[in-house]
Amino acid sequence: MLQNKKILLGVTGGIAVYKACDLVSKLTQQGADVRVMMTNGATKFVSPLTFQALSRNDVYTDTFDEKDPNKIAHIDVADWADIAIIAPATANIISKIAYGIADDMLTTTLLATRADIYIAPAMNVHMYEHPAVIDNMRKLVDWGYHFIEPGAGYLACGYVGKGRLEEPQTIIKVISEHQQHANLLEGKKVLISAGPTREAIDPVRFFSNRSSGKMGFALAEAAAKFGAVVTLVAGPVDQQTKHPNINRIDVVTAEDMYQAIWDHFEDADIVIKAAAVADYRPVVTHDQKMKKQTGNLIIEMERTKDILQSLGDEKSNQFVVGFAAETTTPMEYGKEKLKKKHLDAIIINNVAEEGAGFAVDTNIVTYLNKQLASERLPLASKDEISEQIFYLIARDLKEEVK
Ligand code: PMT
(Lines give C-alpha, C1' and ligand atoms only; values in the text may rest on other atoms or scores of the structure.)
Protein backbone atom coordinates (compact mmCIF):
# COMPACT_ATOMS: atom_id res chain seq x y z
CA MET A 1 0.00 0.00 0.00
CA LEU A 2 2.80 2.44 0.77
CA GLN A 3 4.89 1.81 -2.33
CA ASN A 4 5.60 5.09 -4.17
CA LYS A 5 3.73 7.03 -1.50
CA LYS A 6 5.21 10.40 -0.63
CA ILE A 7 5.50 10.42 3.13
CA LEU A 8 6.40 13.33 5.37
CA LEU A 9 7.62 12.03 8.73
CA GLY A 10 7.50 14.61 11.52
CA VAL A 11 9.80 13.67 14.39
CA THR A 12 9.37 15.46 17.71
CA GLY A 13 11.49 15.46 20.85
CA GLY A 14 11.08 12.33 22.93
CA ILE A 15 13.16 9.32 23.79
CA ALA A 16 11.16 7.26 21.28
CA VAL A 17 12.94 9.11 18.44
CA TYR A 18 15.14 6.02 18.06
CA LYS A 19 12.03 4.10 16.93
CA ALA A 20 11.40 6.73 14.25
CA CYS A 21 14.75 5.72 12.71
CA ASP A 22 13.46 2.17 12.35
CA LEU A 23 10.16 3.53 10.97
CA VAL A 24 11.98 5.47 8.22
CA SER A 25 14.05 2.42 7.38
CA LYS A 26 10.98 0.18 7.11
CA LEU A 27 9.01 2.74 5.08
CA THR A 28 11.81 3.18 2.55
CA GLN A 29 12.21 -0.62 2.31
CA GLN A 30 8.51 -0.74 1.33
CA GLY A 31 9.20 1.66 -1.54
CA ALA A 32 7.90 4.86 0.05
CA ASP A 33 9.64 8.18 -0.59
CA VAL A 34 10.21 9.61 2.90
CA ARG A 35 11.16 13.15 3.85
CA VAL A 36 11.88 13.78 7.51
CA MET A 37 11.17 17.00 9.40
CA MET A 38 12.58 17.31 12.91
CA THR A 39 11.69 19.69 15.71
CA ASN A 40 14.51 21.31 17.67
CA GLY A 41 13.77 18.90 20.53
CA ALA A 42 14.10 15.85 18.29
CA THR A 43 17.57 16.91 17.16
CA LYS A 44 18.73 16.69 20.80
CA PHE A 45 18.09 12.93 20.72
CA VAL A 46 19.25 11.92 17.22
CA SER A 47 21.24 13.80 14.63
CA PRO A 48 19.48 14.81 11.36
CA LEU A 49 22.29 12.97 9.57
CA THR A 50 20.88 9.63 10.76
CA PHE A 51 17.51 10.37 9.13
CA GLN A 52 19.19 11.74 6.03
CA ALA A 53 21.11 8.49 5.59
CA LEU A 54 18.04 6.31 6.24
CA SER A 55 15.65 8.29 4.01
CA ARG A 56 18.26 9.30 1.43
CA ASN A 57 16.67 12.75 1.44
CA ASP A 58 17.52 16.11 3.01
CA VAL A 59 16.17 16.53 6.52
CA TYR A 60 14.23 19.70 7.38
CA THR A 61 14.82 21.37 10.74
CA ASP A 62 14.52 25.11 10.15
CA THR A 63 11.72 27.06 8.44
CA PHE A 64 14.20 29.68 7.25
CA ASP A 65 16.75 27.28 5.81
CA GLU A 66 15.48 27.54 2.23
CA LYS A 67 17.55 25.04 0.25
CA ASP A 68 16.04 25.89 -3.16
CA PRO A 69 15.46 29.61 -3.93
CA ASN A 70 12.70 28.66 -6.42
CA LYS A 71 10.55 27.10 -3.73
CA ILE A 72 9.19 27.91 -0.31
CA ALA A 73 10.17 24.73 1.49
CA HIS A 74 7.29 24.29 3.92
CA ILE A 75 4.66 24.84 1.20
CA ASP A 76 6.56 22.65 -1.24
CA VAL A 77 6.71 19.72 1.20
CA ALA A 78 3.12 20.30 2.34
CA ASP A 79 1.90 20.01 -1.27
CA TRP A 80 4.22 17.11 -2.09
CA ALA A 81 3.12 14.77 0.73
CA ASP A 82 0.39 12.14 0.28
CA ILE A 83 0.66 11.15 3.92
CA ALA A 84 2.10 12.86 7.00
CA ILE A 85 3.08 10.81 10.04
CA ILE A 86 4.11 12.35 13.33
CA ALA A 87 6.06 9.79 15.32
CA PRO A 88 6.85 10.15 18.10
CA ALA A 89 4.28 12.87 18.79
CA THR A 90 4.78 14.69 22.08
CA ALA A 91 2.03 16.36 24.13
CA ASN A 92 3.53 19.65 22.93
CA ILE A 93 3.12 19.00 19.19
CA ILE A 94 -0.42 17.65 19.69
CA SER A 95 -1.40 20.80 21.57
CA LYS A 96 0.25 23.10 19.04
CA ILE A 97 -1.62 21.47 16.13
CA ALA A 98 -4.89 21.65 18.06
CA TYR A 99 -4.40 25.41 18.47
CA GLY A 100 -3.13 26.10 14.95
CA ILE A 101 0.27 27.25 16.21
CA ALA A 102 2.90 27.42 13.46
CA ASP A 103 6.19 28.39 15.07
CA ASP A 104 8.61 25.95 13.46
CA MET A 105 9.11 24.02 10.22
CA LEU A 106 6.97 21.05 11.22
CA THR A 107 3.96 22.89 12.65
CA THR A 108 3.97 25.34 9.72
CA THR A 109 4.04 22.51 7.20
CA LEU A 110 1.29 20.58 8.99
CA LEU A 111 -0.93 23.63 8.86
CA ALA A 112 -0.38 23.93 5.11
CA THR A 113 -0.76 20.31 4.05
CA ARG A 114 -3.86 18.54 2.74
CA ALA A 115 -2.25 15.12 3.24
CA ASP A 116 -3.80 12.46 5.52
CA ILE A 117 -2.20 13.02 8.92
CA TYR A 118 -1.41 10.16 11.32
CA ILE A 119 -0.27 10.93 14.86
CA ALA A 120 1.53 8.32 16.96
CA PRO A 121 1.83 9.77 20.49
CA ALA A 122 4.57 8.87 22.93
CA MET A 123 4.75 10.39 26.40
CA ASN A 124 4.53 9.72 30.11
CA VAL A 125 1.31 7.96 31.14
CA HIS A 126 0.13 10.89 33.31
CA MET A 127 0.72 13.33 30.47
CA TYR A 128 -1.25 11.05 28.13
CA GLU A 129 -4.15 11.03 30.59
CA HIS A 130 -4.09 14.79 31.26
CA PRO A 131 -7.42 16.42 30.34
CA ALA A 132 -5.64 19.03 28.22
CA VAL A 133 -4.00 16.34 26.09
CA ILE A 134 -7.25 14.34 25.89
CA ASP A 135 -9.19 17.45 24.82
CA ASN A 136 -6.62 18.31 22.18
CA MET A 137 -6.60 14.77 20.80
CA ARG A 138 -10.43 14.78 20.64
CA LYS A 139 -10.36 18.06 18.78
CA LEU A 140 -7.92 16.66 16.24
CA VAL A 141 -9.99 13.47 15.79
CA ASP A 142 -13.01 15.68 15.07
CA TRP A 143 -10.95 17.51 12.46
CA GLY A 144 -10.13 14.21 10.74
CA TYR A 145 -6.62 13.49 12.10
CA HIS A 146 -5.91 9.79 12.71
CA PHE A 147 -4.33 8.59 15.94
CA ILE A 148 -2.26 5.46 16.36
CA GLU A 149 -2.69 4.76 20.04
CA PRO A 150 0.43 4.23 22.12
CA GLY A 151 1.03 0.82 23.59
CA ALA A 152 1.16 0.06 27.31
CA GLY A 153 4.29 -1.14 29.05
CA TYR A 154 7.50 0.05 30.62
CA LEU A 155 8.10 3.74 29.84
CA ALA A 156 11.53 5.37 29.66
CA CYS A 157 10.51 7.72 32.50
CA GLY A 158 10.27 4.71 34.83
CA TYR A 159 6.48 4.42 34.89
CA VAL A 160 4.58 1.44 33.60
CA GLY A 161 1.46 2.43 31.64
CA LYS A 162 0.12 3.70 28.35
CA GLY A 163 2.37 6.07 26.47
CA ARG A 164 4.91 3.94 24.64
CA LEU A 165 5.23 4.74 20.93
CA GLU A 166 3.58 1.96 18.95
CA GLU A 167 6.04 -0.37 17.20
CA PRO A 168 7.07 0.79 13.70
CA GLN A 169 5.65 -2.33 12.00
CA THR A 170 2.28 -1.73 13.72
CA ILE A 171 2.29 1.94 12.69
CA ILE A 172 2.89 0.87 9.09
CA LYS A 173 0.17 -1.82 9.29
CA VAL A 174 -2.42 0.62 10.66
CA ILE A 175 -1.63 3.25 8.02
CA SER A 176 -1.59 0.71 5.18
CA GLU A 177 -4.98 -0.68 6.18
CA HIS A 178 -6.40 2.79 6.54
CA GLN A 179 -5.09 3.89 3.16
CA GLN A 180 -6.50 0.75 1.58
CA HIS A 181 -9.97 1.73 2.75
CA ALA A 182 -9.63 5.47 2.12
CA ASN A 183 -11.37 5.22 -1.26
CA LEU A 184 -13.63 2.33 -0.36
CA LEU A 185 -16.81 4.11 -1.47
CA GLU A 186 -15.35 6.43 -4.12
CA GLY A 187 -18.02 7.27 -6.71
CA LYS A 188 -20.83 5.74 -4.63
CA LYS A 189 -23.99 7.53 -3.56
CA VAL A 190 -25.08 6.54 -0.08
CA LEU A 191 -28.50 7.32 1.37
CA ILE A 192 -28.87 7.06 5.15
CA SER A 193 -31.74 7.68 7.55
CA ALA A 194 -31.12 8.61 11.18
CA GLY A 195 -32.94 9.52 14.36
CA PRO A 196 -36.56 9.16 15.40
CA THR A 197 -39.71 10.48 13.79
CA ARG A 198 -42.35 12.51 15.64
CA GLU A 199 -46.04 11.93 15.17
CA ALA A 200 -48.09 14.85 16.47
CA ILE A 201 -51.17 14.51 18.66
CA ASP A 202 -51.72 18.27 18.80
CA PRO A 203 -49.43 21.35 18.49
CA VAL A 204 -47.63 20.56 21.77
CA ARG A 205 -47.62 16.75 22.08
CA PHE A 206 -46.24 13.96 19.99
CA PHE A 207 -45.31 10.26 19.94
CA SER A 208 -41.65 9.50 19.36
CA ASN A 209 -38.84 7.24 20.63
CA ARG A 210 -35.38 7.41 22.21
CA SER A 211 -33.27 7.48 19.05
CA SER A 212 -30.61 10.21 19.25
CA GLY A 213 -29.44 9.90 15.64
CA LYS A 214 -25.89 9.01 16.76
CA MET A 215 -25.78 5.73 14.83
CA GLY A 216 -27.08 7.19 11.58
CA PHE A 217 -24.83 10.27 11.81
CA ALA A 218 -21.79 8.07 12.47
CA LEU A 219 -22.65 6.01 9.39
CA ALA A 220 -22.96 9.19 7.32
CA GLU A 221 -19.53 10.45 8.47
CA ALA A 222 -17.90 7.07 7.78
CA ALA A 223 -19.42 6.87 4.28
CA ALA A 224 -18.24 10.40 3.47
CA LYS A 225 -14.78 9.64 4.85
CA PHE A 226 -14.58 6.63 2.52
CA GLY A 227 -15.28 8.87 -0.47
CA ALA A 228 -19.05 8.55 -0.93
CA VAL A 229 -21.48 11.36 -1.64
CA VAL A 230 -23.95 11.06 1.21
CA THR A 231 -27.57 12.06 1.63
CA LEU A 232 -28.62 11.94 5.26
CA VAL A 233 -32.32 12.07 6.04
CA ALA A 234 -32.54 12.99 9.70
CA GLY A 235 -35.46 13.03 12.08
CA PRO A 236 -35.52 15.67 14.85
CA VAL A 237 -32.13 15.22 16.59
CA ASP A 238 -29.47 17.32 18.23
CA GLN A 239 -26.58 16.19 16.00
CA GLN A 240 -24.26 18.04 13.63
CA THR A 241 -22.69 16.78 10.41
CA LYS A 242 -19.01 17.50 9.88
CA HIS A 243 -18.00 16.22 6.46
CA PRO A 244 -18.71 18.53 3.50
CA ASN A 245 -19.89 15.59 1.36
CA ILE A 246 -22.97 15.05 3.51
CA ASN A 247 -26.20 16.58 2.27
CA ARG A 248 -28.54 16.66 5.28
CA ILE A 249 -32.31 16.73 4.89
CA ASP A 250 -34.29 17.31 8.09
CA VAL A 251 -37.68 15.70 8.46
CA VAL A 252 -40.18 15.29 11.28
CA THR A 253 -42.76 12.60 10.58
CA ALA A 254 -42.59 9.09 9.14
CA GLU A 255 -44.46 10.39 6.09
CA ASP A 256 -41.85 13.20 5.61
CA MET A 257 -39.10 10.59 5.87
CA TYR A 258 -40.83 8.34 3.35
CA GLN A 259 -40.99 11.25 0.84
CA ALA A 260 -37.38 12.36 1.40
CA ILE A 261 -36.03 8.82 1.10
CA TRP A 262 -37.98 8.12 -2.06
CA ASP A 263 -36.84 11.45 -3.58
CA HIS A 264 -33.24 10.18 -3.37
CA PHE A 265 -33.66 6.42 -3.69
CA GLU A 266 -33.35 6.05 -7.46
CA ASP A 267 -29.92 7.69 -7.53
CA ALA A 268 -28.52 5.77 -4.54
CA ASP A 269 -26.09 2.83 -4.68
CA ILE A 270 -26.31 1.96 -0.98
CA VAL A 271 -29.21 2.71 1.38
CA ILE A 272 -29.00 2.24 5.14
CA LYS A 273 -32.08 2.75 7.30
CA ALA A 274 -30.75 3.41 10.78
CA ALA A 275 -33.74 5.59 11.72
CA ALA A 276 -36.22 4.48 14.34
CA VAL A 277 -39.37 5.25 12.38
CA ALA A 278 -42.69 5.39 14.22
CA ASP A 279 -44.80 2.38 13.31
CA TYR A 280 -48.01 4.16 14.29
CA ARG A 281 -49.34 7.73 14.27
CA PRO A 282 -52.54 9.26 15.66
CA VAL A 283 -55.41 9.01 13.21
CA VAL A 284 -56.34 12.61 14.07
CA THR A 285 -53.89 15.44 14.74
CA HIS A 286 -55.68 18.23 16.58
CA ASP A 287 -55.10 21.83 15.39
CA GLN A 288 -55.43 23.20 18.91
CA LYS A 289 -53.99 21.94 22.17
CA MET A 290 -56.23 19.19 23.55
CA LYS A 291 -57.86 20.07 26.85
CA LYS A 292 -57.50 17.86 29.89
CA GLN A 293 -60.62 15.85 30.63
CA THR A 294 -61.65 13.61 33.48
CA GLY A 295 -61.10 9.90 32.90
CA ASN A 296 -58.76 8.10 30.54
CA LEU A 297 -57.87 9.20 27.06
CA ILE A 298 -57.83 6.77 24.16
CA ILE A 299 -55.98 7.87 21.05
CA GLU A 300 -56.66 5.88 17.93
CA MET A 301 -53.47 5.09 16.02
CA GLU A 302 -52.92 4.00 12.43
CA ARG A 303 -49.95 2.35 10.79
CA THR A 304 -47.34 4.53 9.08
CA LYS A 305 -45.83 3.40 5.80
CA ASP A 306 -43.03 0.89 6.24
CA ILE A 307 -40.34 2.77 4.32
CA LEU A 308 -37.82 -0.04 4.36
CA GLN A 309 -40.36 -2.59 3.15
CA SER A 310 -41.22 -0.31 0.22
CA LEU A 311 -37.51 0.06 -0.68
CA GLY A 312 -36.89 -3.68 -0.46
CA ASP A 313 -39.93 -4.40 -2.66
CA GLU A 314 -39.06 -1.83 -5.33
CA LYS A 315 -35.24 -1.83 -5.41
CA SER A 316 -33.36 -2.35 -8.67
CA ASN A 317 -29.58 -2.06 -8.25
CA GLN A 318 -29.51 -0.49 -4.80
CA PHE A 319 -27.89 -2.38 -1.93
CA VAL A 320 -30.52 -1.96 0.78
CA VAL A 321 -29.57 -2.37 4.43
CA GLY A 322 -31.99 -2.27 7.34
CA PHE A 323 -31.51 -2.15 11.07
CA ALA A 324 -33.34 -4.33 13.56
CA ALA A 325 -33.74 -3.00 17.08
CA GLU A 326 -34.68 -5.97 19.20
CA THR A 327 -34.87 -6.84 22.88
CA THR A 328 -35.54 -10.59 22.66
CA THR A 329 -34.14 -13.27 20.30
CA PRO A 330 -32.51 -10.59 18.12
CA MET A 331 -31.06 -12.98 15.52
CA GLU A 332 -34.39 -14.68 14.92
CA TYR A 333 -36.34 -11.43 14.48
CA GLY A 334 -33.51 -9.85 12.50
CA LYS A 335 -33.44 -12.75 10.05
CA GLU A 336 -37.21 -12.56 9.67
CA LYS A 337 -37.01 -8.81 8.83
CA LEU A 338 -34.15 -9.42 6.36
CA LYS A 339 -36.27 -11.92 4.44
CA LYS A 340 -39.65 -10.22 4.72
CA LYS A 341 -38.31 -6.81 3.63
CA HIS A 342 -36.14 -8.28 0.80
CA LEU A 343 -32.97 -6.69 2.16
CA ASP A 344 -29.38 -7.20 1.07
CA ALA A 345 -28.26 -7.05 4.69
CA ILE A 346 -29.52 -6.21 8.14
CA ILE A 347 -27.74 -4.83 11.18
CA ILE A 348 -29.15 -6.34 14.31
CA ASN A 349 -28.72 -4.65 17.68
CA ASN A 350 -30.06 -5.91 20.97
CA VAL A 351 -31.08 -2.54 22.38
CA ALA A 352 -31.49 -4.04 25.87
CA GLU A 353 -27.75 -4.82 25.98
CA GLU A 354 -25.46 -2.51 28.00
CA GLY A 355 -23.56 -0.20 25.64
CA ALA A 356 -25.82 -0.94 22.67
CA GLY A 357 -28.71 0.78 20.94
CA PHE A 358 -30.42 4.05 21.74
CA ALA A 359 -28.66 7.28 22.72
CA VAL A 360 -25.26 5.81 23.72
CA ASP A 361 -21.96 6.47 21.92
CA THR A 362 -21.27 2.75 21.45
CA ASN A 363 -23.03 -0.19 19.89
CA ILE A 364 -22.82 -3.98 19.61
CA VAL A 365 -24.24 -5.34 16.37
CA THR A 366 -24.44 -8.37 14.13
CA TYR A 367 -24.26 -7.83 10.38
CA LEU A 368 -26.30 -10.46 8.55
CA ASN A 369 -26.35 -10.56 4.76
CA LYS A 370 -28.89 -12.20 2.45
CA GLN A 371 -26.69 -15.29 2.12
CA LEU A 372 -27.15 -15.48 5.92
CA ALA A 373 -23.43 -14.99 6.58
CA SER A 374 -23.16 -13.15 9.88
CA GLU A 375 -20.41 -11.05 11.49
CA ARG A 376 -20.61 -9.98 15.10
CA LEU A 377 -19.10 -6.56 15.73
CA PRO A 378 -18.34 -6.36 19.47
CA LEU A 379 -18.68 -3.28 21.69
CA ALA A 380 -17.07 -0.28 19.98
CA SER A 381 -17.84 3.36 19.33
CA LYS A 382 -20.58 4.01 16.78
CA ASP A 383 -17.86 5.57 14.58
CA GLU A 384 -15.85 2.35 14.57
CA ILE A 385 -18.93 0.15 14.12
CA SER A 386 -19.89 2.31 11.13
CA GLU A 387 -16.50 1.79 9.48
CA GLN A 388 -16.76 -1.97 10.02
CA ILE A 389 -20.26 -1.98 8.52
CA PHE A 390 -18.96 -0.32 5.35
CA TYR A 391 -16.08 -2.83 5.09
CA LEU A 392 -18.70 -5.60 5.15
CA ILE A 393 -21.00 -3.85 2.66
CA ALA A 394 -18.04 -3.25 0.32
CA ARG A 395 -17.10 -6.93 0.66
CA ASP A 396 -20.65 -8.04 -0.22
CA LEU A 397 -20.90 -5.60 -3.14
CA LYS A 398 -17.64 -6.99 -4.52
CA GLU A 399 -18.99 -10.54 -4.21
CA GLU A 400 -22.13 -9.54 -6.15
CA VAL A 401 -20.04 -8.15 -9.03
CA LYS A 402 -18.09 -11.44 -9.34
O1 PMT B 1 -30.11 6.86 17.04
P2 PMT B 1 -29.33 6.20 18.16
O3 PMT B 1 -29.68 6.76 19.51
O4 PMT B 1 -27.86 6.18 17.89
O5 PMT B 1 -29.82 4.67 18.25
C6 PMT B 1 -29.53 3.79 17.24
C7 PMT B 1 -30.73 2.88 16.92
C8 PMT B 1 -31.00 1.98 18.11
C9 PMT B 1 -31.97 3.71 16.58
C10 PMT B 1 -30.30 2.02 15.66
O11 PMT B 1 -29.16 1.29 15.98
C12 PMT B 1 -31.41 1.11 15.21
O13 PMT B 1 -31.56 -0.01 15.67
N14 PMT B 1 -32.24 1.61 14.26
C15 PMT B 1 -33.48 0.91 13.82
C16 PMT B 1 -34.58 1.15 14.80
C17 PMT B 1 -35.88 0.49 14.38
O18 PMT B 1 -36.83 1.18 14.12
O19 PMT B 1 -35.83 -0.82 14.25
P20 PMT B 1 -37.10 -1.73 13.84
O21 PMT B 1 -36.63 -3.10 14.10
O22 PMT B 1 -38.34 -1.26 14.50
O23 PMT B 1 -37.26 -1.46 12.28
C24 PMT B 1 -36.62 -2.26 11.31
C25 PMT B 1 -36.17 -1.43 10.13
O26 PMT B 1 -37.32 -0.94 9.44
C27 PMT B 1 -35.32 -0.24 10.46
O28 PMT B 1 -34.30 -0.16 9.50
C29 PMT B 1 -36.28 0.95 10.35
O30 PMT B 1 -35.61 2.12 9.90
C31 PMT B 1 -37.23 0.45 9.26
N32 PMT B 1 -38.60 1.02 9.36
C33 PMT B 1 -39.40 0.74 10.43
C34 PMT B 1 -40.70 1.24 10.47
C35 PMT B 1 -41.17 2.03 9.40
N36 PMT B 1 -42.38 2.53 9.41
N37 PMT B 1 -40.37 2.28 8.36
C38 PMT B 1 -39.09 1.78 8.32
O39 PMT B 1 -38.36 2.03 7.35
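Order of listing sets the numbers, starting from 1, for every ligand and every atom in it. Computed from a prediction, not measured in an experiment: that's the story for all the values here.
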Quiz item: Which ligand 1 atoms does G357 reach within 4.0 Å, using its non-hydrogen atoms?
Solution: 5 (O), 6 (C), 8 (C)

Practice problem: For atom CD of E300, decide whether the heavy atoms of other residues, nucleotides or ligands shown that lie under 6.0 angstrom number more than 12. | Solution: no

Exercise. Look at the side chain of Q318 and the backbone N and O of S316, then say whether any donor-acceptor pair between them is shorter than 3.5 Å.
Key: yes

Practice problem: Could you tell me the separation between the CD atom of Q52 and the CZ atom of R35, rounded to the nearest 0.5 Å? | Solution: 13.0 Å

Quiz item: What is the closest protein heavy atom to atom 6 (C) of ligand 1, and at what distance does it sit?
Solution: M215 CB, 3.6 Å

Exercise. Examine ligand 1 and decide if any of its atoms is less than 4.0 Å from a heavy atom belonging to A278.
Key: yes

Practice problem: Measure centre to centre between the rings of F390 and H181, then say whether the value is under 6.0 Å. | Solution: no

Practice problem: List every atom of ligand 1 that sits less than 4.0 Å from any heavy atom of K214, numbering the atoms from 1 in the order shown and giving each element. | Solution: 1 (O), 2 (P), 4 (O)

Quiz item: Think K305 forms a cation-pi with Y258, using NZ or CZ under 6.0 Å from the six-ring centre and within 45 degrees of its axis?
Solution: yes

Practice problem: Decide, yes or no, whether a salt bridge links D22 with K26 under the criterion of side-chain N to carboxylate O below 4.0 Å. | Solution: yes

Exercise. Could you check atom 18 (O) of ligand 1 against the protein and tell me its nearest heavy-atom contact, residue, atom and distance included?
Key: A276 CA, 3.4 Å

Self-check item: Matching residue for V321 among I346, I347, L343 - test: side-chain contact (heavy atoms from CB on, under 4.5 Å)
Solution: I347

Quiz item: Hey, what do you get for CG (D344) to NZ (K370), rounding to the nearest 0.5 Å?
Solution: 4.0 Å

Quiz item: Should you measure from each heavy atom of A359, which atoms of ligand 1 turn up under 4.0 Å away?
Solution: 2 (P), 3 (O)

Quiz item: Mind checking whether A275 has a heavy atom under 4.0 Å from ligand 1?
Solution: yes

Quiz item: What is the distance from atom CG of L379 to atom CG of L377, rounded to the nearest 0.5 Å?
Solution: 11.0 Å

Quiz item: Which residue holds the protein heavy atom closest to atom 37 (N) of ligand 1, what is that atom called, and what is the gap in Å?
Solution: I307 N, 3.1 Å

Quiz item: For atom 34 (C) of ligand 1, which of D279, D306, N349 has the closest heavy atom?
Solution: D279

Quiz item: What's the shortest distance from atom 24 (C) of ligand 1 to any protein heavy atom, and which residue and atom give it?
Solution: F323 O, 2.9 Å

Practice problem: Verify, without hydrogens or angle tests, whether D76 (side chain) and A73 (backbone) share a donor-acceptor contact under 3.5 angstrom. | Solution: no

Self-check item: K382 near ligand 1 by a heavy-atom separation under 4.0 Å
Solution: yes

Self-check item: Protein contact of atom 22 (O) of ligand 1 - nearest heavy atom, named by residue and atom, plus distance
Solution: K337 NZ, 4.2 Å

Exercise. Examine distances only and state if a side-chain atom of H130 and a backbone atom of H126 form a donor-acceptor pair shorter than 3.5 Å.
Key: no

Practice problem: Establish, yes or no, whether the cationic atom of R303 lies under 6.0 Å from the six-membered ring centre of Y280 and within 45° of the ring axis. | Solution: yes

Quiz item: For ligand 1, is there an atom lying under 4.0 Å from some heavy atom of G195?
Solution: no

Practice problem: Look only at interatomic distance and state if G322 has a nitrogen or oxygen under 3.5 Å from any nitrogen or oxygen of ligand 1. | Solution: no

Quiz item: At under 4.0 Å between heavy atoms, which part of V365 makes contact with ligand 1: side chain, backbone, both or neither?
Solution: neither

Quiz item: Think K139 forms a cation-pi with Y99, using NZ or CZ under 6.0 Å from the six-ring centre and within 45 degrees of its axis?
Solution: yes

Quiz prompt | Pairing of E221 and K225 as salt bridge, 4.0 angstrom limit | solution = no

Quiz item: Are E199 and R205 close enough for a salt bridge, meaning some N to O gap below 4.0 Å?
Solution: no

Quiz item: Is there a heavy atom in K341 that sits closer than 4.0 Å to ligand 1?
Solution: yes

Quiz item: What atoms in ligand 1 come closer than 4.0 Å to a heavy atom of G213?
Solution: 1 (O), 2 (P), 3 (O)

Quiz item: Can you tell me the protein heavy atom closest to atom 14 (N) of ligand 1 and the distance?
Solution: A274 O, 2.9 Å

Practice problem: Determine whether the side chain, the backbone, both or neither of K305 has a heavy atom under 4.0 Å from any heavy atom of ligand 1. | Solution: backbone

Quiz item: Should one rank A325, G312, A356 by closest heavy-atom distance to atom 19 (O) of ligand 1, which comes out on top?
Solution: A325

Quiz item: Which of the atoms in ligand 1, numbered in the order shown and given with their element, are less than 4.0 Å from a heavy-atom of A324?
Solution: 21 (O)

Quiz item: What is the closest protein heavy atom to atom 28 (O) of ligand 1, and at what distance does it sit?
Solution: K273 O, 2.7 Å

Quiz item: Going through the checks in order, is the side-chain hydrogen bond (donor to acceptor under 3.5 Å, both in side chains) test met by D104 and T107?
Solution: CA-CA 6 Å; D104 63 8; T107 47; 2.5 Å; yes

Quiz item: Which option out of V271, I346, V277 puts a heavy atom nearest to atom 32 (N) of ligand 1?
Solution: V277

Quiz item: Quick one: which ligand 1 atoms are inside 4.0 Å of a heavy atom on T304?
Solution: 36 (N)

Self-check item: Under-4.0 Å heavy-atom contact with ligand 1, by part of L308 that carries it
Solution: both

Practice problem: Classify the contact between S193 and ligand 1 as side chain, backbone, both or neither, using a heavy-atom distance cut-off of under 4.0 Å. | Solution: neither

Self-check item: Protein heavy-atom partner closest to atom 1 (O) of ligand 1 - residue, atom, separation in Å
Solution: S211 OG, 2.6 Å

Quiz item: For ligand 1, which part of S212 has a heavy atom less than 4.0 Å away: the side chain, the backbone, both, or neither?
Solution: both

